[in-house]
Amino acid sequence: MPNVVLLIPIADILDVTVTELLRGEKIDTQKNIDKKEIEELVVGSLDMAVRDSIHQHRKNWILAYLLCFLYLLQKLLC
């Protein structure tokens, strides 16, 4: 899933609505879309973006701790 900030430009480039982009299918213009469905799509996208951000921060901290550990280990052995 792309960054939520990019959804509007991607939808514009693909000439679809953001809702169509999130659903992964074209929506018939005659068909009314349930507001609850749209809300679920938006909340799901935001939730996924937050989870991805948390996961990336966690990976960065693990890497930082590993580098510190290796640095201290190197200092102790030399």
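What you see is a predicted model; the values in this text were computed from it and never measured.
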What donor-acceptor contacts under 3.5 angstrom involve side-chain atoms of residues 10-19, with partners at least two apart or in another chain?
from, atom 1, to, atom 2, distance (Å)
Thr17, OG1, Glu20, N, 3.0
Thr17, OG1, Glu20, OE1, 3.4

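- Other members of the hydrophobic cluster containing Leu63, listed by chain and number, are Leu67; membership follows side-chain contacts under 4.5 Å among ILVMFWY residues, whether direct or relayed.
- Distance CD1/Ile62 to CG/Leu66: 9.5 Å, rounded to 0.5 Å.
- Partners of Leu73 according to the side-chain contact (heavy atoms from CB on, under 4.5 Å) rule, which considers only residues two or more places apart in sequence or in another chain, are Phe69, Leu77.
- Taken from CG in Leu21 to NZ in Lys26, the straight-line distance is 11.0 Å, to the nearest 0.5 Å.
- Partners of Leu72 under the side-chain contact (heavy atoms from CB on, under 4.5 Å) rule, at least two apart in sequence or in another chain, do not exist in this structure.
- Not counting sequence neighbours, the partners of Tyr65 by the ring-ring contact (aromatic ring centres under 6.0 Å, His included) test are Trp61.
- In this structure Asn60 satisfies the side chain to side chain donor-acceptor pair (under 3.5 Å) test together with Gln56, sequence neighbours excluded.
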